[in-house]
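The next block holds one structure in the form of structure tokens; read it before the comments.
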Amino acid sequence: MKRVVSVSLGSSRRNHRVEIEILGERFIIERRGTDGDMRRARALIRELDGKVDALGLGGIDLYLRTGSSKFVLRDGKKLAREARQTPVVDGSGLKDTLERKVVEYLRDNFGFDFSGRKVLLVCAADRYEMARAFIEGGAELICGDLMFGLGLPLPLRSLTTLDRLGRIIGPVICRLPFRFLYPTGKKQEVIKPKYEKYYLDSDIIAGDFHFIKKHLPPDLAGKTVITNTITPADVELLRRRGIKRLVTTTPDLGGRSFGTNVLEGVVIALAGKRPEKMTAADYNFWLQKIGFEPRIVEF
């Protein structure tokens with residue numbers, strides 16, 4: 001029996017546990033929230049170290065990326081260092097493969113035409129390859145990194161602009177306490193509508209669900225949402241807002257879609273390799289072998 005646990009800075013109300021068979025191996029997959037408490041998260045990682053096959057970091061990243069620049073987030077690194085034996089992943093290894101593939105999958109298997117579509121990607125530094133896939137598909141992309149991460153009403157309309165900005169402010173941003181950049185704990189349950197114009201002007205709203213939810217307007221009639229880490233309550237919230245279609249980049253496992261950090265943990269457990277030894281080709285190989293597909297819900 002293999003065990004993968006995501007230690008999240010998010011709300012413990014979103015905890016989930018599932019037992020599933022993958023490629024003939026039995027897995028226990030868990031998500032355990034610490035309500036934004038970094039000390040609790042560090043203690044939980046120490047407690048689980050050496051007792052599970054992989055640890056995921058939820059509600060926080062180890063890395064952000066803009067173009068060729070990769071920034072290590074100070075708080076994410078502190079958490080990862082608490083594990084001395086068990087591999088720790090944050091999902092970034094899969095975001096560069098899985099989330100690009102989701103855009104391609106929708107185009108090739110469901111006839112999604114992204115050409116000319118307006119896409120609001122709430123944080124492109126967190127999903128850089130997804131951003132590139134949208135652009136390569138012909139979409140008009142708005143990156144909401146400054147809006148949703150820093151509260152500045154400044155949309156970024158190209159990855160070139162994001163890359164230039166990242167080189168300037170990335171080294172500073174990565175040293176900030178993560179709670180200044182991202183909703184953790186009980187803040188994940190709060191919705192304060194903002195930037196409604198950008199939601200309403202977009203055909204597709206994509207990226208991290210907690211950023212999407214943070215400023216969710218009351219009416220999203222006809223929109224497509226491409227996201228992840230969705231619970232049944234989140235699905236109902238989006239249904240009430242009137243969305244047309246929900247796509248989650250990871251599949252439904254026992255009633256919810258886990259974060260990419262969990263699925264990356266599954267891949268690491270199956271591959272038997274340390275994350276730093278994995279390549280994009282390795283991730284693609286295991287994703288194809290596992291055969292996980294995105295979930296698509298039409299309302």
(request) Could you check whether the rings of Tyr182 and Phe178 sit parallel, tilted or perpendicular, using 30° and 60° as the cut-offs? (result) tilted
(request) Would you mind reporting whether Leu79 and Arg42 have side-chain heavy atoms less than 4.5 Å apart? (result) yes
(message) To check you understand the geometry: which heavy-atom pair defines the closest contact between Leu220 and Pro217, and what is its length?
(response) CD2-CG, 3.6 Å
(message) Whether the Ser8 and Arg31 side chains hold a donor-acceptor pair (N or O, under 3.5 Å, no angle test) is what I'd like checked.
(response) yes
(message) Looking at Arg295 and Glu293, is any side-chain nitrogen of the basic one under 4.0 Å from a carboxylate oxygen of the acidic one?
(response) no
(request) Group every Ile, Leu, Val, Met, Phe, Trp and Tyr by side-chain heavy-atom contacts under 4.5 Å, then state whether Leu216 and Phe148 land in the same group. (result) yes
(request) For salt bridge (charged side-chain N to carboxylate O under 4.0 Å, His left out), just list the numbers for Glu82 and Arg84, CA-CA rounded to whole Å, side-chain angles, deciding distance to a tenth of an Å, and then say yes or no. (result) CA-CA 6 Å; Glu82 297 293 342; Arg84 304 300 176 88; 6.0 Å; no
(message) Please determine whether residues Leu73 and Leu165 belong to a single hydrophobic cluster, defined as Ile, Leu, Val, Met, Phe, Trp and Tyr linked transitively by side-chain heavy-atom distances below 4.5 Å.
(response) yes
(request) Indicate the atoms forming the closest heavy-atom contact of Ala131 with Ala124, along with that distance. (result) CB-CB, 4.1 Å
(message) Please check: side-chain N/O of Asp49 versus main-chain N/O of Ile45, any donor-acceptor pairing under 3.5 Å?
(response) no
(request) Taking only Lys NZ, Arg NE, NH1 and NH2, and the carboxylate oxygens of Asp or Glu, determine whether Asp282 and Lys273 approach each other closer than 4.0 Å. (result) yes
(request) Could you check if a side-chain atom of Val266 sits within less than 4.5 angstrom of a side-chain atom of Leu23, using non-hydrogen atoms only? (result) no
(message) Within this structure, what is the CG-CG distance for the pair Leu181 and Asp126, rounded to the nearest 0.5 Å?
(response) 11.5 Å
(request) Kindly indicate whether the side chain of Ser11, heavy atoms from C-beta on, has any atom under 4.5 Å from the side chain of Gln188. (result) yes
(request) Evaluate the criterion side-chain hydrogen bond (donor to acceptor under 3.5 Å, both in side chains) for residue pair Ser6 and Asn261; output intermediate values, then yes/no. (result) CA-CA 7 Å; Ser6 172; Asn261 71 91; 2.9 Å; yes
(message) Restricting to non-hydrogen atoms, name the atom on Met1 and the atom on Ile28 that form the minimum distance, rounded to 0.1 Å.
(response) SD-CG1, 3.7 Å
(message) Is it the case that atom NZ in Lys187 sees more than 12 heavy atoms from other parts of the structure closer than 6.0 Å?
(response) no
(request) Can you establish whether the number of heavy atoms outside Arg175 located under 6.0 Å from its atom CZ is more than 12? (result) no
(request) Mind checking the CD1-OG spacing from Ile168 to Ser69? Nearest 0.5 Å is all I need. (result) 10.5 Å
(message) Are the side chains of Val7 and Arg32 in contact, using a 4.5 Å heavy-atom criterion?
(response) no
(request) Flag yes if Ile142 and Met130 sit in one hydrophobic cluster, no otherwise; membership is Ile, Leu, Val, Met, Phe, Trp, Tyr, and two members link when side-chain heavy atoms are under 4.5 Å apart. (result) yes
(message) Within the structure provided, determine whether Leu62 and Val72 are in side-chain contact (heavy-atom separation under 4.5 Å).
(response) no
(message) For Gln288, I'd like to know if atom CD has over 12 heavy atoms of other residues, nucleotides or ligands within 6.0 Å.
(response) no
(message) Is it the case that over 12 heavy atoms from other parts of the model lie below 6.0 angstrom from the CZ atom of Arg13?
(response) no
(message) Which residue in the set Arg100, Arg107, Lys101 passes salt bridge (charged side-chain N to carboxylate O under 4.0 Å, His left out) when paired with Glu104?
(response) Arg100
(request) Before accepting this row, confirm whether a basic side-chain N of the pair Arg132/Glu129 lies closer than 4.0 Å to the acidic partner's carboxylate O. (result) yes
(request) Run the numbers on Val235 and Phe299 for side-chain contact (heavy atoms from CB on, under 4.5 Å), then give the verdict. (result) CA-CA 10 Å; Val235 175; Phe299 294 96; 3.9 Å; yes
(message) Is the shortest side-chain heavy-atom distance between Tyr283 and Leu263 below 4.5 Å?
(response) no
(request) Would you name the heavy atoms of Val4 and Ala269 that are closest together and state the gap between them? (result) CG2-CB, 4.4 Å
(message) Can you tell whether the side chains of Asp234 and Arg14 come within less than 4.0 Å, N to carboxylate O?
(response) yes
(message) Could you go through Thr227 and Val247, starting from their C-alpha distance and side-chain angles, then the distance that decides it, and tell me whether this counts as side-chain contact (heavy atoms from CB on, under 4.5 Å)?
(response) CA-CA 6 Å; Thr227 188; Val247 179; over 6 Å; no
(request) Taking the six-membered ring for Trp and the single ring otherwise, decide whether the centroids of Phe134 and Phe114 are under 6.0 Å apart. (result) yes
(request) Answer yes when Asp61 and Lys95 have at least one side-chain N-carboxylate O distance shorter than 4.0 Å, and no when they do not. (result) yes
(message) Could you measure the distance from the CG atom of Asp208 to the SG atom of Cys123? Nearest 0.5 Å is fine.
(response) 7.5 Å
(request) Determine whether more than 12 heavy atoms belonging to other residues, nucleotides or ligands lie under 6.0 Å from atom CZ of Arg117. (result) no
(message) Do Phe180 and Leu146 land in one hydrophobic cluster if side-chain heavy atoms of ILVMFWY residues count as linked below 4.5 Å?
(response) no
(message) Whether Glu189 and Lys186 form a salt bridge (side-chain N of Lys/Arg under 4.0 Å from carboxylate O of Asp/Glu) is what I want to check.
(response) no
(message) Side chains of Asp163 and Tyr128: any donor to acceptor distance under 3.5 Å?
(response) yes
(request) Answer yes if Phe285 and Val89 sit in the same cluster of Ile, Leu, Val, Met, Phe, Trp and Tyr residues linked by side chain heavy atoms under 4.5 Å apart, and no otherwise. (result) yes
(request) Answer yes or no: are there more than 12 heavy-atom neighbours, outside Arg240 itself, under 6.0 Å from its atom CZ? (result) yes
(request) Report yes if some heavy atom in the side chain of His16 is under 4.5 Å from a heavy atom in the side chain of Phe258; otherwise report no. (result) yes
(request) Answer yes if the ring centres of Phe110 and Tyr105 are under 6.0 angstrom apart, and no otherwise. (result) yes
(request) Work out which heavy atom in Phe211 is nearest to a heavy atom in Pro183; give both atom names and the distance. (result) CE2-CD, 3.9 Å
(request) Can you measure from CD1 (Ile230) to OG1 (Thr250) and round to the nearest 0.5 angstrom? (result) 9.5 Å
(request) State whether a side-chain donor-acceptor pair under 3.5 Å links Thr248 with Asn228. (result) no
(request) Apply side-chain contact (heavy atoms from CB on, under 4.5 Å) to Thr224 and Asp203, showing your working. (result) CA-CA 7 Å; Thr224 291; Asp203 303 299; over 6 Å; no
(request) Inspect the contact between Glu140 and Arg157 and indicate whether a charged nitrogen and a carboxylate oxygen are less than 4.0 angstrom apart. (result) no
(message) With rounding to the nearest 0.5 angstrom, report the CD1 to CZ distance, Ile226 to Arg127.
(response) 11.0 Å
(message) Are the side chains of Leu94 and Glu99 in contact, using a 4.5 Å heavy-atom criterion?
(response) no
(message) Taking Arg74's backbone N and O only, do any of them form a donor-acceptor pair with Lys78's side chain (distance below 3.5 Å, no angle check)?
(response) no
(request) Considering non-hydrogen atoms only, spot the tightest contact between Lys223 and Tyr199 and give its length. (result) CE-O, 3.6 Å
(request) Evaluate side-chain hydrogen bond (donor to acceptor under 3.5 Å, both in side chains) for Thr161 paired with Ser158, printing each intermediate quantity in order. (result) CA-CA 5 Å; Thr161 302; Ser158 75; 2.9 Å; yes
(message) Within this structure, what is the CE-CG distance for the pair Met147 and Leu156, rounded to the nearest 0.5 Å?
(response) 7.5 Å
(message) Looking at Arg40 and Asp35, is there a salt bridge between them, counting it only when a charged N and a carboxylate O are closer than 4.0 Å?
(response) yes
(message) Using a 3.5 Å distance criterion without hydrogens, assess whether the side chain of Asp252 forms a donor-acceptor pair with backbone atoms of Ser257.
(response) no
(message) Run Leu120 and Ile204 through side-chain contact (heavy atoms from CB on, under 4.5 Å) and show every step you take.
(response) CA-CA 6 Å; Leu120 170 63; Ile204 298 166; over 6 Å; no
